[in-house]
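Before any comments, here is the structure.
Not measured: the values here are computed from a predicted model. Order of the sequence lines sets the chain letters (A, B, ...), proteins ahead of strands, with each chain counted from 1. Reckoned from all heavy atoms, side chains included, excluding hydrogens, waters and symmetry mates.
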Protein chains: 2
Amino acid sequence: MPNGRAPARRVTIIDVAKHAGVSTTAVSKVLRNAYGASPEMQAKVRAAIDELGYRPSAAARGMRGQTYTIGVMLPDIRNPFFADVLDGVNAQLGGTDYQVLIASACNDEPAEAHVTDAMIDRNMDGVILIAPLTSRKRLERIARTVPTVVVGRHGNSAVYDTVADDDFTGAGLVVAHLAELGHQRIAHIEHDETDPVRLTEMPNAIRAVGYRHAMQAHGLGDFVDIASTTYTQHGGYLGAKQLLARPQRPTAIFAGADIVAMGVLDALTEAGLSVPGDISVAGYDNTTFAAFAPISLTTVDQAGHQIGVNAARLLLDRIADDSRPATQVKLSPRLVTRRSTAAPGGGAAAARTASQDPVL
Amino acid sequence: MPNGRAPARRVTIIDVAKHAGVSTTAVSKVLRNAYGASPEMQAKVRAAIDELGYRPSAAARGMRGQTYTIGVMLPDIRNPFFADVLDGVNAQLGGTDYQVLIASACNDEPAEAHVTDAMIDRNMDGVILIAPLTSRKRLERIARTVPTVVVGRHGNSAVYDTVADDDFTGAGLVVAHLAELGHQRIAHIEHDETDPVRLTEMPNAIRAVGYRHAMQAHGLGDFVDIASTTYTQHGGYLGAKQLLARPQRPTAIFAGADIVAMGVLDALTEAGLSVPGDISVAGYDNTTFAAFAPISLTTVDQAGHQIGVNAARLLLDRIADDSRPATQVKLSPRLVTRRSTAAPGGGAAAARTASQDPVL
DNA sequence: ATGAAAGCGCTAACAA
DNA sequence: TTGTTAGCGCTTTCAT
C-alpha cells in the first residue's frame with residue numbers, strides 16, 4: 001500500500017455493536033444520547049467505543065440525520081472584527097458536539113452562492129451567514145433549506161433569525177462625539193452600495209444613513225461629505241485619498257469600519273498628516289486593532305463576541321425547534337473614545353513637532 | 001410545515017436519470033467526468049441537471065467516494081499571516097471542484113486533535129495543517145488516513161508533504177541587519193517551547209535557534225537575551241514588558257512574528273518609548289500589518305501566498321497519486337527593511353520627521 | 001457505451 | 001428496553 005495509507009478499515013457501528021454484544025440501534029442511541037438505553041447498556045457501548053477507538057462517520061450520519069456541523073460564512077478573513085464574532089460562536093458551541101467550519105466568501109456575490117451551496121450540499125445542520133451580500137430571496141431560500149442565522153444585516157424575515165448592531169445609532173454616536181469636539185467638516189467613508197434592498201439592510205448602508213441623519217441633527221447638513229469605496233483597508237486608503245483631494249479638506253474622517261480606518265491612517269501617514277493633530281479619525285467595530293496603543297482609534301464597540309454568542313444560541317435553538325417564530329436580536333453600540341480624535345485645529349498637534357504641518 | 005422549511009424533497013441523481021432518460025450510473029459518470037459517457041449522453045445529462053437544479057449530496061458521495069472538501073486547520077485566525085496562506089490555497093483551488101473549509105484550533109493540542117478528527121470523520125479528501133502542535137506520531141497517523149500537507153513545520157516524514165520557510169536563515173537576516181546598524185543588545189521574543197520534537201520542528205523554535213546562531217556569528221553571543229512567551233499579540237506585549245524590566249535594556253527587539261511585534265509596539269508605546277528612536281523593532285512574516293505606514297515594520301517576508309499555493313498544489317498532487325514520495329518544499333525568506341529599525345542611540349530618530357512617527 | 005444492482009455506515013420506524 | 005430492517009443518495013463492480 002503506497003505510503004502505508006489506509007491499511008486498516010475504519011471501525012464502524014457494526015464493529016462496536018458486535019464488540020459490546022448489542023445491536024447497532026443501541027449503539028446509535030448511545031451516540032445520540034437518545035431515549036431508550038439503560039445505564040448498563042450505555043456503559044457497555046461506551047466501553048466498546050473507547051476500546052475500538054470508534055468515531056462515527058459524518059457522511060453516513062448526514063445521509064439520515066445530522067452532520068453535527070455548523071457552517072460560518074464570512075466576507076473577509078482579514079477583518080479582525082469577524083474574529084471576534086467567531087470567538088463568540090466558538091465559545092457558545094465549544095461544549096457541544098457541533099464542529100464549526102468556516103468558509104471565506106471574499107465579498108463577492110457569486111462566491112457567496114458557491115459557499116452556501118457547498119454548505120447545503122454537505123448537509124450542514126445550520127449556517128451562520130455574516131454580512132451576506134446575497135439577495136433577500138436567495139437568503140430565504142437558503143433558510144428554508146437549512147436553519148440559518150444572518151449576522152450583521154438588518155431587515156426581518158420570517159424564515160431566518162438575525163443578529164445585528166444598531167448601526168444607525170452607532171454612526172450617530174461618532175458624529176455626536178466629533179461635533180462635540182467642535183468638528184464641522186466630518187467626512188465619511190462608506191462601502192459603495194447600489195442594490196436597493198441592500199441599501200436598507202446592510203450595516204454599511206445604515207451607517208451612512210445614520211451619518212447623514214446625525215449631521216443634519218447637529219446642523220452640519222451642509223458639511224456632509226462622503227467617499228464611496230469598500231469596507232477594506234485598501235478602500236479606506238482610496239477613500240482618504242479622495243477626501244484629501246477635495247477642495248475643502250475635512251477635519252475629521254469617520255470610517256465605516258476599523259479596517260477602513262486602518263487604510264485611512266495609511267493614507268494620512270503617506271500624506272504627512274498627523275492624527276489627530278491635522279485630522280481626527282474614527283472607526284467602527286472596536287477590533288483589537290483599535291485598542292492597539294500606537295493607533296488608539298476612537299471607534300464604536302458593537303460587541304462582536306456577543307453577536308457571535310447570540311448567533312450561535314439562536315441557531316442551536318432553531319435546530320432544536322424549527323417552529324418557533326423568527327427572532328431579531330439588535331445590540332446597542334457603545335462609543336469608545338481614544339486618542340485618534342481631538343478638537344480640530346491642531347490642539348494635539350502642538351504636542352508634536354509641527355515642522356510639516358500644512359496650512360489650514 | 002413550520003416556517004415552510006424543507007417543503008420540497010431534494011433533487012437526487014434518480015430524478016436526473018429519469019428526466020434525462022438514462023441510468024443513474026450514467027449521471028454519476030458525467031458528474032465525475034469519468035470514462036464511458038458519450039458526448040450525447042453528457043449533453044442530455046447536463047441539460048437535465050440544469051433544468052432540475054440538481055446538486056449532488058456531499059454526504060452520499062462521501063459514503064462511497066470523494067467529498068470534494070479540503071480542510072485547512074490554522075492555529076489562530078487573528079494572525080494575518082495565515083490569511084496570506086489561505087489566499088494562496090484558495091487561489092490554487094479556486095477553479096477546481098474542491099471546497100475549502102477552515103477550522104481554527106486556537107494553539108492548543110487537544111483542540112487540534114479535535115479538529116483533525118472532525119476533518120477525518122467528515123471524509124475530507126485532504127487536509128492542510130498549518131503550524132500544528134500535534135505530535136509527530138499523531139501527524140503520521142493522520143497522514144496515513146487522509147492526504148495531508150503540513151505547513152510551517154520542519155522535519156521530514158515519509159507520509160506527509162511539508163511546505164516551510166527557511167526560518168533559520170530568516171532569523172539570521174534580522175540579526176545581521178540589526179548588527180549592521182550597530183546594535184549589540186538585540187533581544188528576541190520566542191514562543192515558549194519545551195517539547196523536544198517541536199524544538200527541532202516548529203518555526204518558532206528554529207527562529208530562536210537561528211537568532212542564537214547569528215548572534216554568535218556576529219560576535220554578540222554575550223548579548224543573547226530571550227523572552228519566552230507566545231506567538232500572539234499578548235505574548236509580544238508580555239515579552240516586551242519582561243525585556244524592559246531587565247537590568248540591561250535591549251536596543252533592538254526581534255519579535256518572532258509580526259503579530260508578536262504588534263504586542264511589542266503596544267508595550268513600548270505604553271512605556272513612552274519611541275520606535276526606532278529608543279528601541280528598534282523587527283518582526284517576521286511581512287503581513288499587511290507590517291506594511292501599514294504608521295507602523296512600517298522591518299520584517300522577514302516568507303511569502304505566505306506562495307506557501308499556500310505550494311501546499312494546495314502538493315495536496316492535489318497527492319490526492320491524485322498517493323504513491324509518489326513525500327516532498328518537502330522550503331522557501332527562501334527575504335528581509336524587508338522599513339522604518340521600525342535604525343541605528344541605536346536615537347541617531348535615526350532625529351532624521352525622521354514628525355509626520356513619519358507612529359500616530360501618538 | 002450503457003445499465004442493473006449491491007452496498008457504503010448510519011438512523012428511524014417498527015416489532016418483539 | 002432492545003433488536004430487526006429498510007432505506008438515505010451516491011459510486012462501483014459487473015453484465016450486457
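Atoms CZ (A/Arg32) and P (C/dC10) sit 12 Å apart, rounded to a whole Å. Per the geometry, CG belonging to A/Asn33 stands 12 Å off P belonging to C/dT11, to the nearest Å. D/dG3 atom P lies 15 Å from atom NZ of A/Lys18, rounded to whole Å. Per the geometry, CG belonging to B/Asp125 stands 14 Å off C1' belonging to D/dC10, to the nearest Å. The nearest whole Å value for the distance from the CG atom in B/Asn123 to the P atom in D/dG9 is 18 Å. The distance between atom CG of A/Leu31 and atom C1' of C/dA12, rounded to the nearest whole Å, is 14 Å. Atoms CD1 (B/Ile13) and P (D/dC10) sit 5 Å apart, rounded to a whole Å. Taking atom CZ of A/Arg61 as the reference point, atom P of C/dC8 lies 19 Å away to the nearest angstrom.
Side-chain atoms of B/Thr25 come within donor-acceptor range of the base of D/dT12, with a qualifying N/O pair under 3.5 Å.
Position along DNA chain C of the nearest nucleotide to B/Tyr35 versus A/Ile14 favours B/Tyr35 as the more 5'-ward residue. Between A/Gly36 and A/Thr24, the one whose closest nucleotide on DNA chain D sits nearer the 5' end is A/Gly36. Checking B/Pro39 against B/Arg64, the closest nucleotide of DNA chain C that is more toward the 5' end is the one next to B/Pro39.
Of all nucleotides listed (C/dG3, D/dG9, C/dC10), C/dG3 comes nearest to the side chain of B/Lys29. Nearest nucleotide to the side chain of A/Ser38, out of D/dT5, D/dT2, D/dT11: D/dT2. Checking C/dC8, D/dG3, D/dG7 against every side-chain atom of B/Met63, the shortest atom distance belongs to C/dC8. Of the candidates D/dT12, D/dG9, C/dC10, the closest approach to any side-chain atom of A/Ala60 belongs to C/dC10. The side chain of A/Thr12 lies closest to C/dC10 when the candidates are C/dC10, D/dG3, D/dC10. Looking at the side chain of A/Pro56, the nearest of the listed nucleotides D/dT1, D/dT2, C/dC10 is C/dC10. Closest to the side chain of B/Ser57, from the set D/dT11, D/dG9, C/dA12, is D/dG9. Set against D/dG3, C/dG9, D/dC10, the side chain of A/Ser23 has D/dG3 as its closest nucleotide.
The backbone N or O of A/Ile120 sits nowhere less than 3.5 Å from a side-chain atom of B/Arg55 that would complete a donor-acceptor pair.
In this structure, B/Asp117 pairs ionically with B/Arg138, as a charged nitrogen and a carboxylate oxygen lie closer than 4.0 Å. Using a cut-off of 4.0 Å between Lys/Arg side-chain N and Asp/Glu carboxylate O, A/Arg313 and A/Asp161 are scored as not salt-bridged. A salt bridge is defined here as a Lys NZ or Arg NE, NH1 or NH2 lying under 4.0 Å from an Asp or Glu carboxylate O, and B/Arg78 with A/Asp87 meets this definition.
Of the candidates B/Arg141, B/Glu112, B/Arg153, B/Thr134 forms a side chain to side chain donor-acceptor pair (under 3.5 Å) with just one, namely B/Glu112.
Across all strands, B/Ala34 comes closer than 4.0 Å to no nucleic acid atom at all (heavy-atom distances). When heavy atoms are screened at a 4.0 angstrom cut-off, B/Val27 is found touching no nucleic acid atom at all.
Between the side chains of A/Arg10 and B/Thr145, not a single donor N or O lies within less than 3.5 Å of an accepting N or O.
Look at A/Tyr68 and you won't find any side-chain N or O under 4.0 angstrom from OP1 or OP2 of C/dC10.
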